[in-house]
Amino acid sequence: MKLFLDSANIREIREAASWGAIDGVTTNPSLVAKEGREFFPLLKEICEIVDGPISMETVSQQADGMVKEGLSFAKLHKNIIVKCPLTKEGLKATRQLSRQKIRVNVTLCFSATQALLAAKAGAYFISPFVGRLDDISSDGMALIRDIKTIYSNYGFTTQILVASVRHPLHVVEAAKIGADIATMPFSVLEALIKHPLTDSGLARFLKDWDQLPAQVKAMPGAAALKPRSSRTRSSR
Ligand code: G3P
């Protein structure tokens, strides 16, 4: 499963990219607004950091405007994916853009019927918002299962991009269902790494190592390693 970062923050994107963790980036008007930077230069910079799909959302309410914006976004960089909302106008724009070979991420999806229509319109990605469904006591991951079944039944090639991810279990469930991508905030991506047993296990390894005599620890050719503690230890 591919992992995307749901952020327009350059520092977060650079850090996540340095781990080899992300295959793409999703943005939306709220995430871009948080950065307070010019839209096109910011998205261009993101494209230069991550060599993968970068979603950039239209803000027109009518299909013609979305298509016009989408065509200008696509000229920015080869990896740009145009984001359109799951509305009648958004479906019209998706159909027109996809027929011009412009890849569209249809966003703000909250039902299986919406996802079916997006696939029929030619969506490249579908973004069901699982966290916002959970927030209103609906089952976000059940929607992903339904979409996966429907798309598999009819051979739709639209990729399922699980969005509005709130915690690591959303990522695990998305992978178990067979979603194509999960996009998540930096905080959730960081949480995927953390485990208290890893931290305690590493601390124990290093404590045991530190207690060895210097000559045992010598690593010929490696830079001289200073003992972790400032205390000098008598060799046993
Ligand atoms: O890409 C969609 C995502 O940014 C929405 O997440 O947490 O606002 O529901 P959230």
Side-chain angles (χ1 to χ4, degrees), residues 1-13 15-17 21-37 39 42-43 45-47 49-50 52-61 66 69-70 73 76 79-87 90-91 93-94 97 103-112 114-115 118-119 123-144 147 158-175 177 179-192:
M1 183 171 77
K2 292 187 185 297
L3 302 181
F4 287 5
L5 189 67
D6 193 36
S7 172
N9 180 279
I10 294 298
R11 183 193 60 75
E12 290 178 349
I13 295 167
E15 176 67 12
I22 55 173
D23 305 289
V25 174
T26 50
T27 70
N28 62 43
S30 303
L31 293 172
V32 171
K34 273 169 67 176
E35 300 309 310
R37 286 185 49 186
F39 189 25
L42 174 60
L43 268 290
E45 186 173 354
I46 294 172
C47 290
I49 299 168
V50 177
I54 309 295
S55 288
M56 188 172 178
E57 189 157 344
T58 59
V59 290
S60 295
Q61 303 297 304
M66 290 179 200
E69 287 174 353
F73 295 177
L76 189 65
N79 288 341
I80 287 289
I81 308 289
V82 178
K83 246 186 176 182
C84 294
L86 220 154
T87 60
L91 291 176
T94 299
L97 287 166
R103 294 173 295 175
V104 180
N105 176 356
V106 178
T107 189
L108 287 164
C109 173
F110 294 96
S111 74
Q114 285 182 320
Y124 184 74
F125 291 145
I126 183 69
S127 289
F129 280 29
V130 297
R132 293 193 190 183
L133 285 167
D134 289 359
D135 291 345
I136 59 164
S137 304
S138 185
D139 185 347
M141 294 318 293
L143 172 59
I144 304 302
I147 296 171
T158 300
Q159 296 178 57
I160 303 169
L161 195 168
V162 180
S164 185
V165 165
R166 292 276 193 280
H167 47 69
L169 289 184
H170 274 154
V171 180
V172 172
E173 273 306 300
I177 292 167
D180 299 282
I181 305 153
T183 193
M184 66 205 78
F186 186 77
S187 58
V188 175
L189 190 71
E190 263 186 327
L192 301 184

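Numbering of ligands and ligand atoms starts at 1, following listing order. We number each residue from 1, following the sequence as shown.
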If you look at each N/O of ligand 1, which protein N/O atoms lie under 3.5 Å away, and at what distance?
residue	atom	partner	partner atom	Å
ligand 1	1 (O)	Asp6	OD1	3.1
ligand 1	1 (O)	Asp6	OD2	3.3
ligand 1	4 (O)	Asp6	OD2	2.4
ligand 1	4 (O)	Asn28	ND2	2.9
ligand 1	7 (O)	Arg166	NH1	2.8
ligand 1	8 (O)	Arg132	NH2	2.8
ligand 1	9 (O)	Arg132	NE	2.7
ligand 1	9 (O)	Ser164	OG	2.7
ligand 1	9 (O)	Arg166	NH1	3.3

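With sequence neighbours left out, the side-chain contact (heavy atoms from CB on, under 4.5 Å) criterion links Thr26 to Phe4, Asp6, Ser55, Lys83, Asn105, Leu161, Thr183. Judged as a ring-ring contact (aromatic ring centres under 6.0 Å, His included), and not counting sequence neighbours, Tyr124 has no contacts. The side-chain hydrogen bond (donor to acceptor under 3.5 Å, both in side chains) test applied to Gln114 returns no partner, not counting sequence neighbours.
Looking only at distances, a side-chain donor or acceptor of Glu69 sits under 3.5 Å from a matching main-chain atom of Val59. Although no hydrogens or angles enter the test, the distance criterion places no donor-acceptor pair under 3.5 Å between the side chain of Ser7 and the main chain of Pro185.
In this structure, the side chains of Thr107 and Glu57 come closer than 4.5 Å at one or more pairs of heavy atoms.
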